Amino acid sequence: MTNVPLLDLGPQNRALEAQFETAFRDVLRSNMFIMGPRLEAFEKDCAAFLGVKHALGVSSGTDALLLALMALDISEGDEVLLPSFTFFATAGSVARLGATPVWVDVDPHSFNIDLADAARKVGPRTRAIMPVYLFGQSLDLDALQAFASAHKLRVIEDAAQSMGARWKGRATMSSGDFGATSFFPSKNLGGMGDSGLVTTQDDALAERARILRVHGMQPKYFHREVGANFRMDPLQAALLHIKLPHLPEYNCARAGNANFYHASLKGRVGLAENRPGADKAAKILLPVDFSGQGIWNQFTLRVPGGRRDTLKAFLTARKIGCEIYYPIPLHRQQCFVDQKYRGFDSVPVAEQLSAEVLSIPIFPELSVEQRQWVSDSLADFAAGKTE
Ligand SMILES: *Cc1c(COP(=O)(O)O)cnc(C)c1O
């Protein structure tokens with residue numbers, strides 16, 4: 001038995017510890033703790049990495065979404081299309097502005113927003129769509145842009161789980177009106193606290209977001225509108241700046257782990273890839289990177305037939321970390337049930353996935369023994385072993 005945590009941040013950060021300590025000392029001695037050149041340098045390199053014109057460091061991924069929505073004037077009476085199967089912040093940021101989330105169903109294979117369902121749910125008040133590149137996989141960005149321009153919608157890309165993911169070479173966060181990502185410690189570029197990033201290709205939107213990030217203040221102590229404090233700390237920026245050049249190698253290692261799971265489980269009894277037309281008798285479905293350029297923030301299995309919780313207990317007994325992302329679709333969250341936002345009764349795939357998904361370890365520093373133990377355990381379960 002090999003202990004396999006779902007995520008171990010230790011090895012990745014320990015490898016850079018000396019550089020972090022130097023950066024911390026530099027910031028400490030600079031006495032510059034808000035904004036400034038360290039943040040700007042980090043933003044510049046993020047923009048270059050993503051191929052975008054503007055990147056703004058902010059206080060969290062949630063605030064990145066909120067700031068983007070504010071800069072687009074999304075407010076009361078406006079509807080925003082978003083998937084019901086995602087992390088809470090996607091819908092929470094819309095609701096906090098008094099706007100209305102409209103629940104869109106997701107694709108059962110990619111777990112991403114279903115544009116055909118989105119088309120059915122466009123109404124006269126719909127102003128924007130927020131695709132989420134869930135678990136690190138991009139959507140077809142051409143289809144997304146065609147959809148948005150056909151319906152005259154703004155696009156805010158929730159790329160919190162997909163920094164570095166691409167579609168036909170184009171980075172997520174580069175084709176919407178705004179892109180938003182998070183540096184929460186469990187994301188692919190994980191910080192040492194909360195922070196996030198907003199991107200845009202539009203000069204005017206960038207300027208608006210920049211001003212809203214500091215209380216709508218321009219120039220100093222003159223407020224033309226109400227913003228908030230959405231700033232990212234230069235200390236956090238300095239630490240993340242050390243990790244940024246390593247992001248491609250982290251993402252590559254995650255893909256290596258995913259490839260290993262696929263290769264070692266191919267053709268095994270009870271296992272299949274989660275593709276259209278997959279074997280109905282399969283006990284475990286393995287996630288597929290349809291874009292071929294995803295970054296595997298999570299490796300999320302589908303366990304049909306009501307056996308998900310049994311697999312979770314099975315893996316836990318074998319000391320393998322696993323987690324359900326996400327157990328309750330957003331339209332069923334207590335804070336949203338009473339509102340019965342449009343779409344609440346027509347997102348069957350979101351409901352089904354919440355009952356079937358289980359994410360297993362995929363972090364870059366997994367050892368050979370660890371991933372072998374995970375893969376052997378999945379094969380055992382699928383073959384009918386009970387412990
Ligand atoms: C993590 C996450 C967020 C929020 O990011 P924070 O930095 O934790 O605020 C938003 N959307 C999705 C899909 C996420 O996974």
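These numbers come from the heavy atoms of this one structure, side chains and all, not from hydrogens, waters or symmetry mates. Counting starts at 1 for both ligands and their atoms, in listed order. None of these values were measured; they are calculated from a predicted model.
- The protein atom (non-hydrogen) at minimum distance from atom 9 (O) of ligand 1 is T62 OG1, 2.5 Å.
- At a cut-off of 3.5 Å, with distance as the only test, no side-chain donor of D73 or S75 sits close to an acceptor on the other residue.
- When all heavy atoms are compared, the tightest approach of L330 to P83 is CD1-O, 4.5 Å.
- Taking a cut-off of under 4.0 Å to the non-hydrogen atoms of V132, the atoms of ligand 1 that pass are 13 (C).
- For ligand 1, the atoms lying closer than 4.0 Å to a non-hydrogen atom of A89 are 4 (C), 10 (C).
- Using a distance-only test at 3.5 Å, with no hydrogens or angles considered, no donor-acceptor pair links the side chain of S60 to the main chain of G196.
- At least one N or O atom of G61, backbone or side chain, sits closer than 3.5 Å to an N or O atom of ligand 1.
- Transitive grouping of hydrophobic side chains (ILVMFWY, heavy atoms separated by less than 4.5 Å) brings L9 and L6 into a common cluster.
- Of all protein heavy atoms, the one lying nearest to atom 11 (N) of ligand 1 is D158 OD2, 2.8 Å.
- Of the charged side-chain nitrogens involved, none lies within less than 4.0 Å of a carboxylate oxygen, so that E79 and R127 do not count as a salt-bridged pair.
- Ring centers of Y325 and F111: at least 6.0 Å apart, outside the cut-off.
- At least one N or O atom of S182, backbone or side chain, sits closer than 3.5 Å to an N or O atom of ligand 1.
- Within the listing of ligand 1, atoms 13 (C) sit less than 4.0 angstrom from a heavy atom of T86.
- Of the candidates K187, M130, Q161, the one placing a heavy atom closest to atom 1 (C) of ligand 1 is K187.
- With salt bridges taken as basic N to acidic carboxylate O contacts below 4.0 Å, none links E207 and K53.
- Within the 4.0 Å heavy-atom criterion, neither part of D63 lies near ligand 1.
- Protein heavy atom nearest atom 8 (O) of ligand 1, with residue, atom name and distance: F184 CD1, 3.8 Å.
- Interatomic distance, CG of D45 versus NE2 of H241, reported as 3.5 Å (0.5 Å rounding).
- With hydrogens left out, the protein atom closest to atom 12 (C) of ligand 1 is A160 CB, 3.4 Å, a heavy atom.
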